[in-house]
Amino acid sequence: MDLGFLLHAIIPSVDSAAILITFLTYLAIAGSILPGKVVPGAVLQDGTRLHYRCNGLFALTLLVALLGFGAYMNFISATVISDRGFELLSTTFIFSVLVTSALYVAGCRSRNKSSSLKPHVTGNLIHDWWFGIQLNPQFMAIDLKSLHVICSFYVLFCLYSLFPPLSQAYILDYFIYEEYMTSTWDIIAERLGFMLVFGDLVWIPFTFSIQAR
């Protein structure tokens, strides 16, 4: 592949940013309003627990249907993801850095004493930025960790994989047993920092789907 073409292709664009923001907005809204089994999370140190609405399969099915309808009506290109793959890679990486930085600043300013929102600051900027400060940060009452860990990277993986059978079987299995994801280490113990944000939005979707390219 020509280096000049690669450098040009990887430059973020307004369109790739719009695709990413629209996708995440859809997931946030769909995750909040679509029906699904509500399961309790693990009991936190202060005795509280979060509850999670497991509607990922519904959200994914609806998204694929909407994309199919949009392509049929020529609202969007059916190959928009593969056509802008490099742009989406760089855009998502930049987005991950910006989101992590915003989480770091918000966490440092938090005075909340609950287990979910209590800031854990070590004083080491790199450590706190990488591993995160808050366990379950929220934005407009949306649990950002569940949005990233439970749903985002699996839906992205599915879309980027362009539907090879083994990948889709893996995704389907995950969503069928989605409620068990709420008890994994990522959800119950790890704080939301760059490691999780980058891993869920960039590393897993773009590397796990290489076999489909």
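Quantities reported herein were computed from a predicted structural model and do not represent experimental measurements. Basis for what follows: all heavy atoms, side chains included, without hydrogens, waters or symmetry-related copies.
Atom CG in Leu88 sits 12.5 Å away from atom CZ in Phe95 (nearest 0.5 Å). Here Arg111 contributes atom CZ and Lys113 contributes atom NZ; the two are 8.0 Å apart, rounded to the nearest 0.5 Å. Here the CD1-NZ distance, from Ile188 to Lys145, works out to 9.0 Å after rounding to the nearest 0.5 Å. Interatomic distance, His120 NE2 to Arg191 CZ, rounded to the nearest 0.5 Å: 5.5 Å.
Using a 4.5 Å heavy-atom cutoff, the side chains of Glu190 and Met195 are in contact. Considering only heavy atoms from C-beta on, Asp143 stays 4.5 Å or farther from Leu147 through its side chain. Leu50 has its side chain within reach of Ser116: a pair of non-hydrogen atoms, C-beta onward, lies under 4.5 Å apart. Counting heavy atoms from C-beta on, the side chains of Leu27 and Phe23 come closer than 4.5 Å. At a threshold of 4.5 Å between non-hydrogen side-chain atoms, the residues Leu201 and Leu20 do not count as touching.
Ile133 and Cys108 make their closest contact through CD1-SG, 3.5 Å (heavy atoms, listed as atom of the first residue, atom of the second, distance). Between Pro205 and Gly199, the shortest heavy-atom contact is CD-O, 4.0 Å. The two atoms that bring Leu192 and Leu196 nearest to each other are CD1-CB, 3.8 Å, heavy atoms only. Shortest non-hydrogen contact noted between Ser13 and Thr91 is N-OG1, 4.2 Å. Of all the heavy atoms in Cys54 and Val39, the pair that sits closest is SG-CG2, 3.8 Å. The minimum heavy-atom distance between Asn136 and Ile187, with the atom names listed, is OD1-O, 4.1 Å.
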Which pairs of donor and acceptor atoms, one on a side chain in residues 70-77, lie under 3.5 Å apart (sequence neighbours left out)?
residue: Ser77; atom: OG; partner: Thr79; partner atom: N; Å: 3.2
residue: Ser77; atom: OG; partner: Thr79; partner atom: OG1; Å: 3.1

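Side chains of Asp186 and Thr184: no donor on one and acceptor on the other come within 3.5 Å.
Checked by atom type and distance alone, the side chain of Tyr52 never pairs as donor or acceptor with a backbone atom of Ser146 at under 3.5 Å. No side-chain donor-acceptor contact under 3.5 Å links Ser16 to the backbone of Pro12. The closest donor-acceptor contact from the side chain of Ser101 to the backbone of Val97 lies under 3.5 Å. Judged purely by atom type and a 3.5 angstrom limit, Thr22 has no side-chain atom pairing as donor or acceptor with the backbone of Ile19. Listed for the Glu178 side chain is a donor-acceptor partner under 3.5 Å among the backbone atoms of Gly56. Side-chain atoms of Tyr26 come within 3.5 Å of backbone N or O of Ala59 as a donor-acceptor pair. In this structure, the side chain of Asn112 does not engage the main chain of Leu117 through any donor-acceptor pair within 3.5 Å.
Tyr180 and Leu57 end up in the same hydrophobic cluster when Ile, Leu, Val, Met, Phe, Trp and Tyr side chains are linked at under 4.5 Å. The cluster map of Ile, Leu, Val, Met, Phe, Trp and Tyr, joined by side-chain heavy atoms under 4.5 Å apart, puts Ile29 and Leu63 in different clusters. Both Leu144 and Met140 sit in one connected hydrophobic cluster of ILVMFWY residues. Membership requires side-chain heavy atoms under 4.5 Å apart, directly or through other members. In terms of hydrophobic clustering, with Ile, Leu, Val, Met, Phe, Trp and Tyr side chains grouped at heavy-atom distances under 4.5 Å, Val121 and Leu125 are assigned to a common cluster. Hydrophobic clustering (ILVMFWY, side-chain heavy atoms < 4.5 Å, transitive): Leu34 and Val38 are in distinct clusters.
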(message) Is there a side-chain contact (heavy atoms from CB on, under 4.5 Å) between Val197 and Leu103? Walk through the geometry before answering.
(response) CA-CA 10 Å; Val197 175; Leu103 289 171; 4.2 Å; yes
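Residues that satisfy the salt bridge (charged side-chain N to carboxylate O under 4.0 Å, His left out) test with Arg84, not counting sequence neighbours, are Asp15, Glu87. Listed by chain and number, the residues in a ring pair (Phe, Tyr, Trp, His ring centres under 6.0 Å) with Phe194 are Trp129, Trp130, Phe198 (sequence neighbours excluded). Judged as a salt bridge (charged side-chain N to carboxylate O under 4.0 Å, His left out), and not counting sequence neighbours, Asp46 has no contacts. His127 meets the ring pair (Phe, Tyr, Trp, His ring centres under 6.0 Å) test with Phe131; sequence neighbours excluded.
With a 4.5 Å cut-off between side-chain heavy atoms of Ile, Leu, Val, Met, Phe, Trp and Tyr, the cluster of Leu135 takes in Leu44.
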